Amino acid sequence: MTTVDIPAGWPATEEQARAVQDELRAKTVLDEPGPPPGTGRVTGVDVAYDDERDIVAAAAVVLDAATLEVVAEATAVGRVSFPYVPGLLAFREIPAVLAALDALPCPPGLVVCDGYGRAHPRRFGLASHLGVLTGLPTLGVAKNPFTFTYDDPEARRGAWTPLLAGPEEVGRALRTRAGVKPVFVSVGHRVSLDNACAHTLALTPAYRLPETTRRADALCRRALRAATTGPEVREAY
DNA sequence: GCGACAG
DNA sequence: ATCTTGTCGC
């Protein structure tokens with residue numbers, strides 16, 4: 001496990017953060033199909049918080065895309081870098097996520113984020129941001145529709161409907177388990193929407209959420225618990 | 001102006 | 001995200 005510092009020049013206000021998004025958005029690559037589903041490696045990233053102690057823990061878990069077996073994993077712990085503000089989630093999660101990715105012993109391949117990419121008020125969500133910063137292909141799978149609208153997809157697994165920002169399709173509501181609430185998929189960087197959905201289905205053989213995010217979620221919670229129970233914290237009592 | 005709002 | 005036990009069901 002590694003420790004993270006808040007990067008120099010990291011936005012301190014919402015206004016600065018929005019300016020960063022507006023500047024980086026132009027670097028998003030949307031015309032690449034991305035790696036074929038079921039091949040190479042797929043990495044899940046997620047973050048857990050202890051706002052009380054101002055601690056954040058991130059995890060990156062690399063899976064073999066064909067077998068979904070864990071190939072490598074890494075965690076990072078640090079200080080919370082930004083408050084939670086809808087639309088600015090990336091500024092809260094990215095420093096720790098970058099550190100976890102850096103700590104991996106192998107290339108991450110495609111990165112699956114817990115949240116949105118293009119489906120974002122300024123079309124630059126967490127997955128887009130992480131993609132532009134790392135150059136890696138990224139996509140976002142969110143559990144909630146945020147401010148967007150959608151029609152309920154058919155009940156069968158694989159069914160989907162457009163996720164809409166007014167008239168604009170910013171992602172898809174994708175059914176990963178028959179009869180269960182869909183997930184909300186959007187493109188991050190260097191991946192097509194069709195491919196993003198195909199990857200999401202390949203990663204959900206048994207549960208609603210991708211194996212990548214399930215693994216990363218479990219790991220970052222463990223890391224947070226360890227950081228909160230570790231020697232340096234116990235001494236404070 | 002007020003409320004809603006990924007995690 | 002996080003606070004949180006038991007409980008219904010495959």
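Just so we're on the same page: letters track the sequence lines, and every chain starts at 1. These numbers come from a predicted model, not from an experiment.
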For the pair Leu126(A) and Ile94(A), evaluate side-chain contact (heavy atoms from CB on, under 4.5 Å) and give the outcome as yes or no after the intermediate values.
CA-CA 8 Å; Leu126(A) 171 61; Ile94(A) 279 187; 3.8 Å; yes
Atom CG of Leu224(A) to atom P of dG7(B): distance rounded to whole Å?
18 Å
Could you list the residues that satisfy ring-ring contact (aromatic ring centres under 6.0 Å, His included) with Phe148(A), not counting sequence neighbours?
Tyr116(A), Phe146(A)
Aromatic ring of Phe184(A) stacked on base six-ring of dA6(B), 5.5 Å, 30°
no
Look at all strands and tell whether Gly87(A) reaches a base, only sugar-phosphate, or nothing, counting heavy atoms closer than 4.0 Å.
base
Do Thr28(A) and Arg118(A) have a side chain donor and acceptor closer than 3.5 Å?
no
Specify the separation, in whole Å, of atom CZ of Arg225(A) and atom C1' of dT2(C).
14 Å
Using 4.0 Å as the upper bound for N to carboxylate O, is an ion pair formed by Asp114(A) and Lys143(A)?
yes
Taking the side chain of Glu93(A) as its heavy atoms from C-beta onward, which of dG7(B), dT2(C), dA6(B) lies nearest to it?
dG7(B)
Tell me the interatomic distance from His120(A), atom NE2, to dG7(B), atom P, rounded to whole angstroms.
13 Å
Atom-to-atom span, CG of Leu89(A) to P of dC5(B) - whole angstrom
15 Å
Under 4.0 Å, counting only non-hydrogen atoms across every strand here, what does Ala119(A) touch: a base, just sugar-phosphate, or nothing?
nothing
Using atom CZ of Arg221(A) as one end and atom C1' of dG7(B) as the other, report the distance to the nearest whole Å.
11 Å
So does Tyr84(A) get a side-chain nitrogen or oxygen closer than 4.0 Å to the phosphate oxygens (OP1/OP2) of dA6(B)?
yes
